[in-house]
2 protein chains.
Amino acid sequence: MKKSLEREMPPRVLVAIGGNATHPEDIAGTPDEQWKIANTTAQTLLPLLLLDNELVITHGNGPVVGKILMRMALTRDRIPAMTMDICVAHSQAGIAYLLVQAMENALRESGSPRHVVCLLTQVEVDPKDPSFENPIKPVGPFFSKQDAAEIARELGWTMKEDSGRGWRYTVPSPKPLHICDISLIQALAQRGTVVIAGGGGGIPVIRGPKGVRHGINAVIDKDLSSALMANVLGIEVLVILTSVSNVAINFGRPDQRDLHRLGLAELRRYQQEGHFVAGSMGPKVEAAIRFLELGGKRAIIGRLEEGLEVITGQAGTHIVDNAD
Amino acid sequence: MKKSLEREMPPRVLVAIGGNATHPEDIAGTPDEQWKIANTTAQTLLPLLLLDNELVITHGNGPVVGKILMRMALTRDRIPAMTMDICVAHSQAGIAYLLVQAMENALRESGSPRHVVCLLTQVEVDPKDPSFENPIKPVGPFFSKQDAAEIARELGWTMKEDSGRGWRYTVPSPKPLHICDISLIQALAQRGTVVIAGGGGGIPVIRGPKGVRHGINAVIDKDLSSALMANVLGIEVLVILTSVSNVAINFGRPDQRDLHRLGLAELRRYQQEGHFVAGSMGPKVEAAIRFLELGGKRAIIGRLEEGLEVITGQAGTHIVDNAD
């Protein structure tokens, strides 16, 4: 296995894993449950961790930051609620701690001394990004209309009704412009450390005069941040691991067709035809396209549990700059 | 100022700042309040940040992790509560995000491109540490006897009555044995990055066979972790910045005497005479003693707001291996 992986893997890889790598949406999320899932994720990725490749890992934070925000809202009468940027910071650490420990434990059990480390990551966005005019990204729990009104008044959160299920905190989702401290991610990755960074798309900040930064209430798409990070690091392969096996066209219809291997032009055409849902496969496809447009060699989208098969080409959707 | 600082400062320094560097005990702790204090802390330390010295910064987390734990307890019927190790991870990121941004902003305003970065830090303790037999470190909020009993039953927290003011979650405070990933702290510090690490004394973990780690419910004293980190990194000067100006003997009595400059032997004698209160100046003095015993050149304890004067010898208590 290791020999064949070594032949197939490029020297530098960025793997973006979903929030489901520690906390799927459909569990209560006790610490025991989350450790079990983090350990499974670590086992899935272990063959990759055991290689000498430069490896950067990013991750989503959906369910975890949702619970952090819910705790903030529910206890706001007794404890001042923190803002979105601070909540994202909390989620980066909570999730990365599980992943670091689970991955290092898997490495130690295999006799490897390789380090896994988490770098808190701020990501700059443009304060004039059009998304600030129209927040559409719902985060965290559903509230009743009355609770939502109180929360809006007390915490200043923009609350919007979401698909008939209740009211949710709804924030802008601006495009990532700059991954802060990316030279440190590179320095650690180059010395052989597995670097976990950019969690939840990064702590959202805007840059003012002289490069001074300030946090902002927003959520940055983690796949778009991952693509940007991979491009700036000059990484050849971007792997996006999620909860479905393949990118599909005509998704959910009788004529649904899973995509296995295609070129950038073909994927762009499907995107323009509207095959990929916003907030779901849409941003992953967009991230893959941008990554390839800016010099990436191969973008792969597949199922987390099939991580190794996805990376080695036996599963998942593989997109290359020119179909070959 | 810079020239004279350059002459006086050793090439490598570890500064341990208290939880009050972002969140004193006596404020509600809104984000605005915490940013203001973090910015003040950054301004205090700016002359030091502007030097080319290798600089590692550790910090306490008392009020912040207390509030994180309180949110966990108050919402436990709706959201599974996280364990202490995960709460410490959240607090490391929440506090370090404020410090990183405040310090980098202060540097940028001064025209410096220096990076400040946070490394999540696990710290190993001995599962046979005697403190596990007798938890005595209270953390977080006070609860009524009845609430405490419910929390103990539902979350498994050890609740103890604290000085007549109510019941608190009370955890072991084992000695730090090993700072995990310290080679990465060193690698980043050596390339000129200011490294924030070991927050709240570190995420408490124990080590099993093959080096596998697991989190544990405990709080590690941040000054003892800081001393250990400084020793392992071979740092000459340990600066502990807190809320009082000097170490004092006969503290709070008419014959109280502030200490300004003394040798290790003299400090040890005062310690044995019982001058330093457990949970307050006690651990700071203990940290200073251990640091000097294991090769440190100078330990300094002083007030955060006088940080620069403390570091340059115009304020604070300075302890050297041999009084000179």
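In what follows, every chain begins at residue 1, and chains take the letters A, B, ... in the order their sequences are listed.
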Which portion of [X] sits near chain B, non-hydrogen atoms under 4.5 angstrom:
{"X": "A:I95", "answer": "neither"}
{"X": "A:E33", "answer": "neither"}
{"X": "A:V116", "answer": "backbone"}
{"X": "A:L98", "answer": "side chain"}

Quick check on the interface: out of [options], who has the most heavy-atom pairs with chain A under 4.5 Å?
{"options": "B:H90, B:Q92, B:K67", "value": "B:H90"}
{"options": "B:C118, B:C180, B:P141, B:A102", "value": "B:C118"}
{"options": "B:I86, B:V100, B:D181, B:T30", "value": "B:D181"}

request  = Go through the atoms of B:A106 and report whether side chain, backbone, both or neither lie under 4.5 Å from a heavy atom of chain A.
outcome  = neither
remark   = Turns out that what part of B:I203 lies under 4.5 Å from chain A's heavy atoms comes down to side chain
key: Aromatic plane relationship, A:Y169 with A:W157 - under 30° parallel, 30 to 60° tilted, over 60° perpendicular   = parallel
task = Using a strict 4.0 Å threshold on nitrogen-to-oxygen distance, state whether B:E150 and B:R76 make a salt bridge.
result =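 Counted as a salt bridge, because a side-chain N and a carboxylate O are separated by less than 4.0 Å.
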Ignoring hydrogens, what is the shortest heavy-atom contact between [X] and [Y]? Give both atom names and the distance.
{"X": "B:P172", "Y": "B:F132", "result": "CG-CD2, 3.5 Å"}
{"X": "A:A197", "Y": "A:I185", "result": "CB-CD1, 3.7 Å"}
{"X": "B:V123", "Y": "B:P176", "result": "CG1-CB, 3.7 Å"}
{"X": "B:I37", "Y": "B:P24", "result": "CD1-CD, 3.2 Å"}
{"X": "A:K222", "Y": "A:S226", "result": "O-OG, 2.5 Å"}

Side chain B:R12, main chain B:G234, donor-acceptor under 3.5 Å =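 Judged by distance alone, yes, a pair lies under 3.5 Å.
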request  = For the pair A:E54 and A:Q190, evaluate side-chain hydrogen bond (donor to acceptor under 3.5 Å, both in side chains) and give the outcome as yes or no after the intermediate values.
outcome  = CA-CA 6 Å; A:E54 279 183 40; A:Q190 279 175 350; 4.8 Å; no
Heavy-atom pairs under 4.5 Å with chain B, option from [options] with the top count:
{"options": "A:S183, A:C87, A:G111", "result": "A:S183"}
{"options": "A:M70, A:E104, A:K210", "result": "A:K210"}
{"options": "A:R191, A:R108, A:R71", "result": "A:R71"}
{"options": "A:V117, A:T193, A:D85", "result": "A:D85"}
{"options": "A:N105, A:L74, A:T83", "result": "A:N105"}

